[in-house]
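Read the structure below first, then the notes.
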Protein chains: 2
Amino acid sequence: MVKRKRTTPLSDEHVEPGHCSSELRARILSDVPYFKGLAAPALDAVNHYFRAFNYAAGAALHHENEPAEALFLVAHGTVKLLQYSASGEEVLLDLLGQSDLFGGLTMLGQRCYPQNAFAQTPCCVLVITITDFRYLLRTYSEVALNVLDAVARDLEAAQATIRAISTLPVEARIARVLVRLADRLGEADDGGILIQSPLSHQDLAAMEATTSETVSRVISGLRRSGDIETGRQWIRIRNRTNLARLAGEI
Amino acid sequence: MVKRKRTTPLSDEHVEPGHCSSELRARILSDVPYFKGLAAPALDAVNHYFRAFNYAAGAALHHENEPAEALFLVAHGTVKLLQYSASGEEVLLDLLGQSDLFGGLTMLGQRCYPQNAFAQTPCCVLVITITDFRYLLRTYSEVALNVLDAVARDLEAAQATIRAISTLPVEARIARVLVRLADRLGEADDGGILIQSPLSHQDLAAMEATTSETVSRVISGLRRSGDIETGRQWIRIRNRTNLARLAGEI
DNA sequence: CGCTATTTTGAGGGCAGTCAAGCTCCGTGG
DNA sequence: CCACGGAGCTTGACTGCCCTCAAAATAGCG
């Protein structure tokens, strides 16, 4: 057994203050699927409207029920999107990584942010005002189609989560979330996929409508059967196939 | 107590075969929020690409995992959007009414429908191919923005459902779904809001991750406390405020 | 090298699901 | 018109999954 002593993954990754300069911003933006295929002048216009901000781990980017003024695009790092229940429990709606869009997406009327966003790791986020974003969408119809597509995909994902929470037992739901995280944020690694993100059992619980104690029990079971290895705030998937089967994804 | 003898609401509503003629189609389309404010010629173009279809109650409009070729817009009646779990239980994701859009929303790559759609009442649906729809979005940027907005709102609704299922006890979830249905599909009525839709307890159960027996128990409780009146396949909300409070919406 | 957050494990209880039976309404056909 | 059948609804008893509460063990940080 590989006894891997690990500090939290954060410590390796530093976002230097000047990291998101204009040139780097342009490079990042040109890699973002929404803007892919845009001609150079259009890309310059897009670049012009975005501002880059760095956030420390744990910093709040926006809160539920505040008037939505901006739209955010993750350039580097990961962001937690969550809501709170009346009694204060967290519900983790999504973990966002590179190129994901969030914030004030519904733009008609003076709407509010529908969730709370926190930097999970130190991160660099590109920000645009809703007004400017609307202008971009109106001007570059390619972009509008791409963004629509992304939001529709998020909707599908949310509905898949509803189905999972509605019909699957806890063990299956946790297997499911591990597979999704491995695919979205994981990194290939000797003999497995390392989920490179400071995820506590509390976070996993908040993603799949359960409690940290239950997550711990299920995770222990998966570790015993050799499908995963775990430590504090990290998990390595050793047998993705097995997890996917447990999750009911055949 | 008003003993209201009621046949299923369907019997009053008939969609005649030729109901969705070109002129009527134009009238309906001009009322659809997505196309509101479009100039007459643009509206004509939009009208040109849609075809109208009538469906009998229970008819299937499209199935999960079939290649998505079309996009649907409800002109009249209601449509059930649902998924099945591995063991065959239904999960009712949404009930769609007038002007709601569904079907092949994610358009990049050759995608499949993410859910199953059935006519809940006899209904008239306007259908457009994805290719034509993309053309419209590209040409009329207003439309693209409106559609994006609608999808983003659906995403918010789905996330609100996730929160509800994750954190609220059954009674609150059922109160919640009643309030939502009253607001979306209800009709003002002597001393209440009548939910005019052939909804079984089974359907309500499938919307909020519970069982028809439990729905029955909760509904009975609400009836005893005078907040609602019920019969076979219909419910009248008498005290919306009370239900909203139960649902944790203060 | 203690301190704190995270994880683990155990015991117990409760909410809601399951199974089962009876009831009610409504459409249908004799 | 009435009897019948079946779908939908109601109610009860029991069960079990998972949450809750509690406490100990572990890991990483200052």
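In what follows, chains are A, B, ... by sequence order, proteins preceding strands, each numbered from 1. Predicted model only: the values in this text are computed from it and were never measured.
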- Message: My understanding is that only residues two or more places apart in sequence, or in another chain, count here; which of them pass ring-ring contact (aromatic ring centres under 6.0 Å, His included) with A:F102?
- Response: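 Only A:H62, A:F72 meet the ring-ring contact (aromatic ring centres under 6.0 Å, His included) criterion with A:F102.
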Using the salt bridge (charged side-chain N to carboxylate O under 4.0 Å, His left out) rule, collect all pairs that involve [range], keeping only residues at least two apart or in two chains.
| range | value |
| --- | --- |
| residues 74-89 of chain A | A:K80-A:D203 |
| residues 192-201 of chain A | none |
| residues 61-73 of chain A | A:E64-B:R163 |

Rounded to the Å, how far apart are [X] [atom1] and [N] [atom2]?
| X | N | atom1 | atom2 | value |
| --- | --- | --- | --- | --- |
| A:I174 | C:dT7 | CD1 | P | 13 Å |
| B:W234 | D:dC9 | CH2 | P | 12 Å |
| B:D203 | D:dA7 | CG | P | 15 Å |
| A:L199 | C:dT7 | CG | C1' | 15 Å |

- Quick one: side chain to side chain donor-acceptor pair (under 3.5 Å) partners of B:R240, sequence neighbours excluded?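 For B:R240, the residues satisfying side chain to side chain donor-acceptor pair (under 3.5 Å) (neighbours in sequence not counted) are B:D183.
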- Residues in side chain to side chain donor-acceptor pair (under 3.5 Å) with A:T106, at least two apart?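 Per chain and number, A:T106 pairs via side chain to side chain donor-acceptor pair (under 3.5 Å) with A:R111, B:E156.
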- To the nearest 10 degrees, how far apart in direction are the end axes of the helix from C:dC1-D:dG30 to C:dG30-D:dC1, each fit to five base pairs?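 End axes: 40° apart.
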- Message: Among A:L95, A:V79, A:L92, A:L81, exactly one meets side chain to side chain contact (heavy atoms under 4.5 Å, CB included) together with A:Q120. Which residue is that?
- Response: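 The passing option is A:L95.
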- Pairs touching residues 241-250 of chain A that satisfy side chain to side chain donor-acceptor pair (under 3.5 Å), sequence neighbours left out: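 Output for this query lists A:D227-A:N242, A:N242-A:R245.
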- hbond_proxy A:R232 side chain to C:dT7 base (donor-acceptor, 3.5 Å cutoff):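 Side chain to base: no pair present.
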- Message: Across nucleotides 10-21 of chain D, 5' to 3', mark each nucleotide with B, S or - according to how protein heavy atoms within less than 4.0 Å reach it.
- Response: BBBB----SSBB
